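Being a predicted model, the structure only gives us computed values, none of them experimental.
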There are 2 protein chains.
Amino acid sequence: MSARQVTLAEVAKQAGVSLATASRVLNGSTRQVSEDLSERVLRTAEELGYVPNASAQALARNSSALVGLVVHDITDPYFSCIAAGVTRVAEAAGLSVVLGTTGRRPEREAELLSTLRAHRARAVVLAGSRTTDRAAQSRLAAEIDAFSEQGGRVACVSQAKLGTDTVVPGNRAGARALARALAGLGHRKFAVLGGPSELVVARDRLAGFKAGLADAGIAPPVVINGAFTRDGGYAAAMELLTSKSRSTCVFAVTDVMAMGAMAALRERGVRIPEDISIAGFDDIPTLRDTVPALSTVRLPLEEMGEIAAGLVLDAGGDEARTVRVAGEVVLRASTAHN
Amino acid sequence: MSARQVTLAEVAKQAGVSLATASRVLNGSTRQVSEDLSERVLRTAEELGYVPNASAQALARNSSALVGLVVHDITDPYFSCIAAGVTRVAEAAGLSVVLGTTGRRPEREAELLSTLRAHRARAVVLAGSRTTDRAAQSRLAAEIDAFSEQGGRVACVSQAKLGTDTVVPGNRAGARALARALAGLGHRKFAVLGGPSELVVARDRLAGFKAGLADAGIAPPVVINGAFTRDGGYAAAMELLTSKSRSTCVFAVTDVMAMGAMAALRERGVRIPEDISIAGFDDIPTLRDTVPALSTVRLPLEEMGEIAAGLVLDAGGDEARTVRVAGEVVLRASTAHN
DNA sequence: GCGTGGCGGGAAAGCGCTTTCCGGCGCTGC
DNA sequence: GCAGCGCCGGAAAGCGCTTTCCCGCCACGC
């Protein structure tokens with residue numbers, strides 16, 4: 001084992017050309033190489049099974065074929081959808097995706113960025129939710145600066161960051177429209193299962209929802225915060241049930257939380273939507289077949305990943321670009337007239 | 001922008017030591033460095049914000065801090081769970097995961113492996129399902145050889161491959177046990193929604209299920225093949241419905257397919273489990289809250305990812321190791337007595 | 001006929017690290 | 001008191017590639 005790798009030098013020697021020529025042929029350069037030399041090199045490379053050493057190329061070019069992707073939890077369908085979009089675009093561009101997961105610890109984001117910088121990643125997509133944790137934020141900001149100084153681009157999904165390209169889903173507007181739609185069904189008493197208050201996404205959705213209720217002249221909702229996960233939704237719903245507030249409609253700021261909440265409600269014998277209506281946010285594809293079908297705000301998650309990757313890959317100016325994607329209210333069986 | 005990166009040389013100069021010493025301090029070497037020099041280097045590195053150039057290290061060491069992970073579709077919860085396990089272990093070991101997706105095209109697997117080889121990835125976990133496509137298989141086999149020759153380790157999940165470490169879920173045994181359990185509920189007429197016949201996983205599960213039915217003295221099931229996806233399950237179930245076979249119980253070889261199948265049945269007004277029972281395989285966590293709760297065979301997916309990563313990261317002997325993980329039959333509300 | 005340019009090939013200088021090898025120094029053991 | 005050894009620091013040789021620079025060659029213009 002460990003038969004050493006075929007190098008460019010070997011190919012060049014075998015083909016009877018110089019290193020420079022071989023390099024020019026095998027890796028697009030601006031310089032031309034004559035037809036016959038070129039063909040000879042190509043053939044030799046093929047015969048020898050030459051595979052360029054990406055580290056060496058990265059070192060020589062000071063830029064690698066890697067693009068980073070940072071998510072909280074790849075298991076969460078929200079992130080895996082975005083990841084699918086990012087990888088599709090990156091792979092189409094001949095780049096490899098390096099996946100980093102934070103496990104929802106804010107400080108990991110900066111660490112991962114630093115690693116990515118060490119690898120001279122060409123670009124990185126930050127899909128995590130922005131927190132309001134000051135220390136983590138400023139450490140992250142510093143890393144983002146360092147990363148772009150070094151020549152890499154960074155794009156964020158759903159979090160506007162200092163001078164980075166951004167894909168911004170209509171969290172506020174979507175939640176607001178949802179609130180109005182639910183009010184249109186006749187509901188007057190609402191509860192919101194919110195995410196942790198330091199997550200900006202959670203806050204935006206909550207704020208939008210409140211605004212929508214206000215639009216309809218409805219009293220502010222009861223708000224219960226929980227983790228941004230299935231279990232968080234479950235716990236929040238349990239808390240809601242014991243709180244004796246008599247809401248007729250619950251908005252969970254995330255489809256995944258809504259799933260947990262529905263489980264809790266069912267467990268307690270609360271019927272959906274007869275006893276209580278429930279809506280989520282994201283429209284996770286994997287969850288579309290659940291019963292009752294979940295009312296939600298559809299976000300084109302994979303597309304958002306593609307857009308982010310697109311932004312980060314075509315160099316663009318120095319200008320930070322922002323692409324807004326709208327959420328679309330989708331009312332299904334989990335919400336009924338009141 | 002593009003303020004050049006701080007290099008080891010700068011740190012060394014600033015700290016007044018040689019390159020060698022700085023390298024020894026900053027990146028664990030066997031050689032000792034005196035207390036005061038060591039501390040000086042560390043401090044200088046910190047002040048300057050030194051981050052080692054991973055490409056250069058990889059080149060010099062001829063081995064990178066990258067481990068590959070190849071899946072068909074990161075959006076599929078089966079794969080995202082495995083991915084979570086792999087990344088957890090890899091990140092804990094200070095390595096970065098590069099994620100490759102095949103989009104279920106068999107030939108992509110070899111391509112990705114080749115890219116990974118170019119990057120001198122230390123190891124790779126192949127989580128895709130093995131196909132019986134001869135050409136793709138032999139191309140893949142060649143790449144696996146090349147990869148390990150070059151010093152990288154490769155592990156497969158659910159597909160025994162030439163001399164690679166493997167994590168083998170009990171597909172056959174699990175499906176067999178499931179069949180017996182369902183027979184125990186009194187069912188006598190079964191249908192199986194199988195995956196594409198060239199996928200070994202699909203075939204194993206089907207074979208195991210048949211064996212289980214045989215154990216119980218039950219006639220072979222009607223088999224309908226479809227894609228290994230939600231839509232595949234939907235289509236297969238539709239076909240089943242039009243086929244007029246009067247099965248009382250359906251086994252979809254995958255939870256995701258089962259979800260599609262349930263959607264199809266519901267659409268046609270078939271009640272689950274009153275009119276027909278249905279079971280899946282995998283026990284996808286995201287799908288555990290669906291109604292009716294899906295009977296299935298539980299596989300510890302994240303753990304499988306962890307095991308695979310563990311195998312591939314601790315060097316081990318030349319021996320190819322195989323770890324079997326058992327599936328556990330979980331009967332829930334989607335299957336009823338007949 | 002000779003100067004001028006353009007073109008394609010090759011030599012060689014890096015890119016930022018790791019690691020081998022060498023040399024100096026302070027000990028130990030006789 | 002000195003040979004010998006272990007220890008630690010530094011010089012320098014790569015690792016495999018890209019790219020600059022130079023050089024020879026040919027076509028062309030006067």
Side-chain angles (χ1 to χ4, degrees), chain A residues 2-41 44-45 48-66 115 117-122 150-151, chain B residues 2-42 44-45 48-66 117-122 150-151:
Chain A
S2 268
R4 251 193 50 268
Q5 194 63 17
V6 180
T7 71
L8 224 213
E10 297 175 46
V11 174
K13 182 152 155 235
Q14 184 88 358
V17 302
S18 77
L19 210 51
T21 303
S23 170
R24 294 199 262 253
V25 171
L26 293 173
N27 314 289
S29 121
T30 43
R31 289 273 306 256
Q32 292 233 13
V33 175
S34 70
E35 183 75 11
D36 64 332
L37 281 198
S38 171
E39 199 203 328
R40 214 154 75 208
V41 170
T44 322
L48 266 43
Y50 170 71
V51 174
N53 182 322
S55 308
Q57 289 188 309
L59 181 57
R61 296 194 180 130
N62 192 33
S63 147
S64 73
L66 262 23
T115 305
R117 178 152 63 100
H119 283 290
R120 297 296 182 276
R122 182 172 304 190
Q150 178 226 274
Chain B
S2 270
R4 251 196 48 267
Q5 194 62 17
V6 180
T7 71
L8 225 212
E10 296 174 46
V11 174
K13 181 152 158 235
Q14 184 88 357
V17 302
S18 76
L19 210 53
T21 303
S23 169
R24 293 199 262 252
V25 171
L26 293 173
N27 314 289
S29 119
T30 44
R31 289 273 306 256
Q32 292 235 12
V33 174
S34 71
E35 184 75 11
D36 64 331
L37 281 198
S38 172
E39 199 202 327
R40 215 155 75 209
V41 170
L42 251 13
T44 324
L48 266 44
Y50 171 70
V51 174
N53 182 321
S55 309
Q57 290 189 308
L59 181 56
R61 295 192 180 134
N62 191 31
S63 147
S64 73
L66 262 23
R117 179 152 63 100
H119 283 289
R120 295 296 181 276
R122 183 171 305 189
Q150 176 226 276

Tabulate below the donor-acceptor pairs under 3.5 Å that side-chain atoms of residues 16-23 of chain A make, not counting sequence neighbours, or state none.
residue	atom	partner	partner atom	Å
Ser18(A)	OG	Ala20(A)	N	3.3
Ser18(A)	OG	Thr21(A)	N	3.2
Ser18(A)	OG	Thr21(A)	OG1	3.1

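The CG atom of Leu26(A) sits 11 Å away from the C1' atom of dC17(D) (whole-angstrom rounding). Rounded to a whole Å, the CG atom of Leu59(B) is 4 Å from the C1' atom of dC15(D). Atom pair Leu37(B):CG and dG10(D):P shows a separation of 6 Å (rounding to whole Å applied). A straight line from CD of Gln57(B) to C1' of dC15(C) spans 14 Å, rounded to a whole angstrom. As a whole-Å value, the separation of Arg120(B) CZ from dG16(D) P is 8 Å. Here the P atom of nucleotide dG16(C) and the CG atom of Asn53(A) are 17 Å apart, to the nearest Å. Atom pair Leu8(B):CG and dG14(D):P shows a separation of 20 Å (rounding to whole Å applied). One interatomic measurement links the two molecules: CG of Asn62(B) to P of dT20(C), which rounds to 14 Å at whole-angstrom precision.
Residue Gln5(B) places no side-chain N or O under 4.0 Å from the OP1 or OP2 atom of dG16(C). Taking only side-chain nitrogens and oxygens, Asn27(B) never comes nearer than 4.0 Å to OP1 or OP2 of dC17(C). Side-chain nitrogen and oxygen atoms of Ser55(A) include none within less than 4.0 Å of the OP1 or OP2 phosphate oxygen of dC15(D). Residue Ser34(B) places at least one side-chain N or O under 4.0 Å from the OP1 or OP2 atom of dG9(D).
Looking at residues two or more places apart in sequence or on another chain, you find a side-chain contact (heavy atoms from CB on, under 4.5 Å) between Thr44(A) and Val11(A), Gln14(A), Ala15(A), Leu48(A). A search for side-chain contact (heavy atoms from CB on, under 4.5 Å) contacts involving Ser63(A) returns Arg122(A), not counting sequence neighbours. Scored by the salt bridge (charged side-chain N to carboxylate O under 4.0 Å, His left out) test, Arg117(A) finds Glu143(A) as partners (sequence neighbours excluded). Taking Ala60(B) as the reference, nothing meets the side-chain contact (heavy atoms from CB on, under 4.5 Å) condition, with sequence neighbours excluded.
Counting only heavy atoms from C-beta outward, the side chains of His119(B) and Leu66(A) approach each other to under 4.5 Å.
Closest to the side chain of Val17(B), out of dG16(D), dA11(C), dG10(D), is dG10(D). Checking dG9(D), dG8(C), dT18(D) against every side-chain atom of Gln32(A), the shortest atom distance belongs to dG8(C).
For Val33(B) against Ser38(B), the heavy-atom pair with the smallest separation is CG1-N, 4.0 Å.
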Dump every N/O contact between nucleotides 19-27 of chain D and the protein below 3.5 Å, one line per pair.
residue	atom	partner	partner atom	Å
dC21(D)	N4	Arg31(A)	NH1	3.4

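Within the structure, every pair that satisfies the side-chain hydrogen bond (donor to acceptor under 3.5 Å, both in side chains) test and touches residues 48-60 of chain A, not counting sequence neighbours, is listed here: Asn27(A)-Gln57(A).
One finds the NZ atom of Lys13(A) at 9.5 Å from the OG1 atom of Thr7(A) (value rounded to the nearest 0.5 Å).
One axis for each end of the helix from dG1(C)-dC30(D) to dC30(C)-dG1(D), each built from five base pairs, and the angle between them comes to 40° at 10° resolution.
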